[in-house]
Amino acid sequence: MKKSILLVCCGLLLAVNSCRKQSLTDLTMPVATDPTQLDEFIRNQLLTKGEFLWAWATEEMVWTALSNSDFVLSVGYQPTGAQNVADRLHLIDIHTAEWQQARHAVLQTILDSERALDAALTEEKLLAFTEDGVLPVFDVRVKNPATIALLRGLNLVRYAEPIGYEPYMTHAADRSDSGCGSNTAQVGLVAGVDYLNITPGCKQSWNHSYHSLTQAWTKSTGAGVTVTVIDSGCSFGQNNLDGEFNQGQSSGRSITRLVTLPQETNFWGQPTGSPETPDDGCGHGTSMLGACGGPRGVDGASTGTAYNCNLISIRAATDVYLDESRETVGVSNAFVLAANNGNVRIISMSMGRLTSASQISDAIKLAYNNGKLIFCAAGTSFWWTAWFAGVIFPATMTEAVAVTGMQDNLNTRCSSCHSGSKVDFVLVMEKASNEQHPLSLAMDGDIPSTVGGSSVATASTAGIAALVWAKYPSWTRTQVMTRLKTSANYYPSRNSNFGWGRINANTATN
């Protein structure tokens, strides 16, 4: 069960407060501090600045975050005198002597500090996750508050951030399965209202007409373009994303299923359970794959917006709310994989978090500098975020195209969607009358499910971008983005909440 690390920490660190009945056997174990002030600080930054960077937090706040999560600190390093590293990641080889020397010096500083509490500590036990071998960053478990100050004063360190902490965690016990469990077949969908029956034998979602997809399909179906979907995986039971991926009018394409989510560990960093697989235990990733590139087949299932694109599914997290260290690492590693895959042109991620994570930022900048067009969900509210969160990370990044959802009245965001000045595009995905959502592929079978939020808006928009790039395969990312913008309904102006607005796929593929 997700959050087992947090629960173990709660038992070990807050035993005196009876959080959990657990004996404290290690007298050097640090004690967690009250996160109330930190949570309020994060909330205020989100309200006033629209984002939260850990660089704004004090050392005490960083320690509070570590001691109330899993003690994992993400450390970005650099050689002495290096500048603008994040903008040059695609040009850097971290295996050269100067980069390895910097890594060793920073790691040794941490080891020396942490050994004040555990003299037998080794580098292997200190490191929390296996490094990707591409980005100049590693993750360590820090138990000594003094380590934070040492790192912040070291010119070899670009950042030192907690990656397993999100605010108001104690008020959100049900968030462990955020976005999961609803991707089941929906009976009672009505032809002509919720979908259209189209050739050769599938269903087209009701919302496609608001983006002129039927007309666009006469010019492009996404053939030859590869879209990477970073999410919770791909259901092994959904044959339309496996053996029947090519059927009907979908042909000659491929789907690949990968996993970058590290295996879950206990408080001491020891693996628990079985290694993670690409299989979707949540359902969210499967529905995103279906919305983007589900086949235009003969079995009665729903079709995606780019039904002839290639898909790469990367399982990087267990659900849509990235509040575990291993999820941050999983997402970062997924972007690195996509960044270094020359066949990938588009990346879609319908997940996020409230606080920023420089490790993910590094990976996104690497992908961006390698020419990828990156779509990220602007955010879908859960009850503990709805009252203060705007566009969430990483959709807040300038390298990401932020997408949110709109109702079919064409002027109101969807009931759970985030909006704001950082939104670039919207997709119609909710009926104002009954909050009906678009069709997608369920966990198994051919009866469609429905899925909402900025999530489906993002995956569907990534599919529209694939239509444009397939029509003009020699175009650059900038040219594709320009065509998407100029075909949207608010262009040449930007709406304060919906950016360039709704893309007309027919116009975009002219």
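Excluded from the calculations below are hydrogen atoms, water molecules and symmetry mates; all remaining heavy atoms, backbone and side chain alike, are included.
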Flag side-chain contact, heavy atom, 4.5 Å: H437 against V456: no
Side-chain heavy atoms of D139 within contact of S325, under 4.5 Å: no
pair check: C309 + C292, SG-SG < 2.5 Å: no
So, [X] versus [Y]: side-chain donor-acceptor pair below 3.5 Å or not?
| X | Y | answer |
| --- | --- | --- |
| T286 | N183 | no |
| T380 | S454 | yes |
| R253 | T221 | no |
| Y472 | Q479 | no |
| K471 | N510 | no |

F41-W56 aromatic ring centre distance below 6.0 Å: no
Aromatic contact, F52 with W54 (centres under 6.0 Å): yes
Any pair counted as salt bridge (charged side-chain N to carboxylate O under 4.0 Å, His left out), so long as it reaches residues 420-441, sequence neighbours left out: D194-K431, D424-R494
Ionic contact status for E59 with R152, cut-off 4.0 Å: no
Compile the donor-acceptor pairs under 3.5 Å between side chains in residues 391-400 and protein atoms, sequence neighbours left out, one pair per line.
none

Those residues that, when tested against S287, pass side-chain hydrogen bond (donor to acceptor under 3.5 Å, both in side chains) (two or more places apart): none
